[in-house]
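To start, the structure itself, in structure tokens.
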Number of protein chains: 2
Amino acid sequence: MKNPVRLHARIGNATCAQSAIDIGGSGSLNIHLKKSPKNVEPRDDDASLSSGQDLLTRLRADIVKHTFAPETKLKFSDLTERYGLGIGTLREALSQLVSEGFVTLEAGKGFRVAPVSRRDLAEVTDHYIAFEKRALAQSIAAGDDEWETRIVAAFHSLGIIEDLSWAERMRRHGDWVERHRLFHEALVAACPDRWLLRLRSLMFYQLERYRFLSKMNRENSPSRKGTEHRAIMEATVARDAKATALLEQHIRETSDSISGMLSKT
Amino acid sequence: MKNPVRLHARIGNATCAQSAIDIGGSGSLNIHLKKSPKNVEPRDDDASLSSGQDLLTRLRADIVKHTFAPETKLKFSDLTERYGLGIGTLREALSQLVSEGFVTLEAGKGFRVAPVSRRDLAEVTDHYIAFEKRALAQSIAAGDDEWETRIVAAFHSLGIIEDLSWAERMRRHGDWVERHRLFHEALVAACPDRWLLRLRSLMFYQLERYRFLSKMNRENSPSRKGTEHRAIMEATVARDAKATALLEQHIRETSDSISGMLSKT
DNA sequence: CTTGCAATAAGTTTCGAAACTCTTAGGATA
DNA sequence: TATCCTAAGAGTTTCGAAACTTATTGCAAG
């Protein structure tokens, strides 16, 4: 039970923490520069941030995935056991999630998962569409070869899962979520407006929480998604202005189907 | 040396009425609250926010006011002394400011005040204008008598300071900042889109940091501001659609003048 | 049965110390 | 002089316990 020596459990997994509000140019585009093997490097790769930042990613993912249902009370006694981290570290991560809108904090009553509603979904959808359309337009205007290539790669990676059978897709849903996010990030990666990317990212994660509902309850026209993604990808790479319209339609259709589910509540 | 009893220094009156610029130093009063087991003090006053949330406001205000210059390292040894709070509490507040974009965090290197730049100002300005224009339009469409009245009141309160002489205005600059914020909040208060208000607020505070630069360095056409505010107020209350155009011009002029200052850097 | 009110339990918030990391200074070696 | 190694110092990150607050229970009185 007791742990006399504090050992920062540094598991070597490469799940790097990408903050939803990541501004910096920590893009995956960066080519790894090989360093001389004889020299000692202060840090191997990009700073796999401290366990606190890692926790932020895990907590947000668990809320997005509805591991914690909306309005669930987040008790520290439960959280410390689940994540194996101290109270202070947990408070720090939860505070950031308050700023991002995933968690609410009432003085003296602790933290709760933020509620969901049809109205909230409608707002998030509208803002996300507005951000992503503008970011995509700017990205199309400014993107270079590397940007194009990354989109094609991300689309292919996503398509591998979308072409699977229903059962297999459900089994690898975690992968789908990750690759879907990377695909949309690749589309807008060349946008030079850092704040626009930041705001887009904020809304993306909010919407992802609703998006997960659709996967949990029912499957919505699976093959269609893949077709839409392809059309968006092709129009974008062709620098076709109608890419933004396709993107809007793609997002809105998904949100509308989710909104229908929420009405039952 | 040790302090066996933790006494939350509870200064018994309104704490946040005027955000005093001079917070540090030895200003902490030593109020001894004897805790008798029988006597309970349930109705001391309306319990204000926890000291942690209060700290968040103070820290943000100090960054906005350039009490901590951009890119300043925020050392806990300094902060604990200045705010009289523990490290954990400070980390919690700083984490939220990271999410809001006021502070950056590098693993192992601690917190720093986020940098400012001409480009960042341009982005923040554009987003803020877009948000506020939409929020104002929706507010005009949905506002009721109470909303109108609040705007008129906020404008009057702001005008009292703007009509003062230059020296007097500078002396009460803290009041001006507060009332200016309340005026703009009143304008959009009837907007039903919660996320739009949230995003607007985020950009407002970012812009306020830049706005403070203009006051610190030089005065920019003082009487004009008041005229603009009046025009915006009147158009809004009249539900005139050109209110948004006036608002945009008002914001952009301010930002442009600040941008000119930043170019020297 | 309902209400009021202690006493207890459950949970939150704060704090400082210890573990850990990064930087810098000093000195030895070639 | 330049380079590398070590150690001390400064600063950060984490953790759990103690102080504090809210919710629940138990019990007596109306």
Side-chain angles (χ1 to χ4, degrees), chain A residues 1-11 17 36 38-44 47-56 58-59 72-96 98 103-112, chain B residues 1-10 28 32-56 72-96 98 103-112:
Chain A
M1 292 295 287
K2 302 176 82 171
N3 203 356
V5 176
R6 177 165 68 106
L7 253 180
H8 290 180
R10 190 172 281 259
I11 306 169
S36 173
K38 53 196 295 184
N39 278 343
V40 178
E41 300 137 32
R43 258 308 152 199
D44 189 34
S48 175
L49 288 163
S50 54
S51 70
Q53 291 294 352
D54 194 21
L55 171 64
L56 172 64
R58 281 209 282 164
L59 255 175
T72 301
K73 186 126 202 339
L74 295 170
K75 283 182 285 192
F76 288 105
S77 52
D78 299 343
L79 297 177
T80 50
E81 185 183 3
R82 169 175 248 269
Y83 297 104
L85 291 170
I87 293 173
T89 310
L90 279 162
R91 275 194 77 87
E92 190 178 325
L94 287 170
S95 294
Q96 296 196 54
V98 168
V103 169
T104 61
L105 170 60
E106 198 177 355
K109 310 280 274 308
F111 294 90
R112 280 183 175 281
Chain B
M1 302 303 283
K2 297 180 71 175
N3 201 356
V5 176
R6 177 165 67 105
L7 253 181
H8 289 181
R10 178 178 285 226
S28 62
H32 297 283
L33 290 179
K34 291 298 182 185
K35 189 174 174 86
S36 59
K38 297 273 189 170
N39 195 359
V40 188
E41 38 180 297
R43 56 183 321 158
D44 196 351
D45 58 353
D46 76 314
S48 62
L49 297 133
S50 61
S51 71
Q53 290 298 322
D54 193 22
L55 172 64
L56 173 64
T72 302
K73 187 130 196 342
L74 295 170
K75 283 182 287 191
F76 288 105
S77 52
D78 298 344
L79 297 178
T80 50
E81 185 184 3
R82 168 176 249 268
Y83 297 104
L85 291 169
I87 293 173
T89 310
L90 280 162
R91 275 193 77 87
E92 191 179 325
L94 287 170
S95 294
Q96 296 196 54
V98 169
V103 168
T104 62
L105 170 60
E106 198 176 355
K109 312 280 274 306
F111 295 89
R112 294 186 98 87

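First the proteins, then the strands, lettered A, B, ... as listed; each starts at 1.
- Atom pair A:L90:CG and D:dC15:P shows a separation of 9 Å (rounding to whole Å applied).
- B:R112 places its CZ atom 13 Å from the C1' atom of C:dC22, with the value rounded to the nearest Å.
- B:R91 has no side-chain polar atom (N or O) that falls below the 4.0 Å cut-off from OP1 or OP2 of D:dT12.
- Distance check, rounded to the nearest 0.5 Å: CG of A:D78 to OH of A:Y83 gives 10.5 Å.
- Side-chain atoms of B:T89 never come within 3.5 Å of backbone atoms of B:L85 as a donor-acceptor pair (strictly under, hydrogens ignored).
- We find that CG of B:L55 is positioned 9 Å from P of C:dT14, with the value rounded to whole Å.
- Along DNA chain C, the nucleotide closest to A:F76 and the one closest to A:G88 are compared, and the more 5′ of them pairs with A:F76.
- Per the geometry, CD belonging to B:E92 stands 15 Å off C1' belonging to D:dC15, to the nearest Å.
- Here the nucleotide nearest the side chain of A:K73, chosen from C:dT14, D:dC15, C:dT12, is C:dT12.
- A donor-acceptor pair under 3.5 Å links the side-chain atoms of B:K73 to the main chain of B:K109, judged by distance alone.
- Counting only heavy atoms from C-beta outward, the side chains of A:R91 and A:F111 approach each other to under 4.5 Å.
- We find that OH of A:Y83 is positioned 18 Å from C1' of D:dC15, with the value rounded to whole Å.
- Annotation: of the two residues near DNA chain D, A:K109 and B:I87, the 5′-most nearest-nucleotide partner is B:I87.
- Rounded to an integer number of Å, the gap from B:K75 NZ to C:dT23 P is 14 Å.
- When the P atom of D:dG16 is taken as reference, atom CG of A:L85 falls 9 Å away, rounded to whole Å.
- The CG-C1' distance, from A:L105 to C:dT14, rounds to 14 Å in whole Å.
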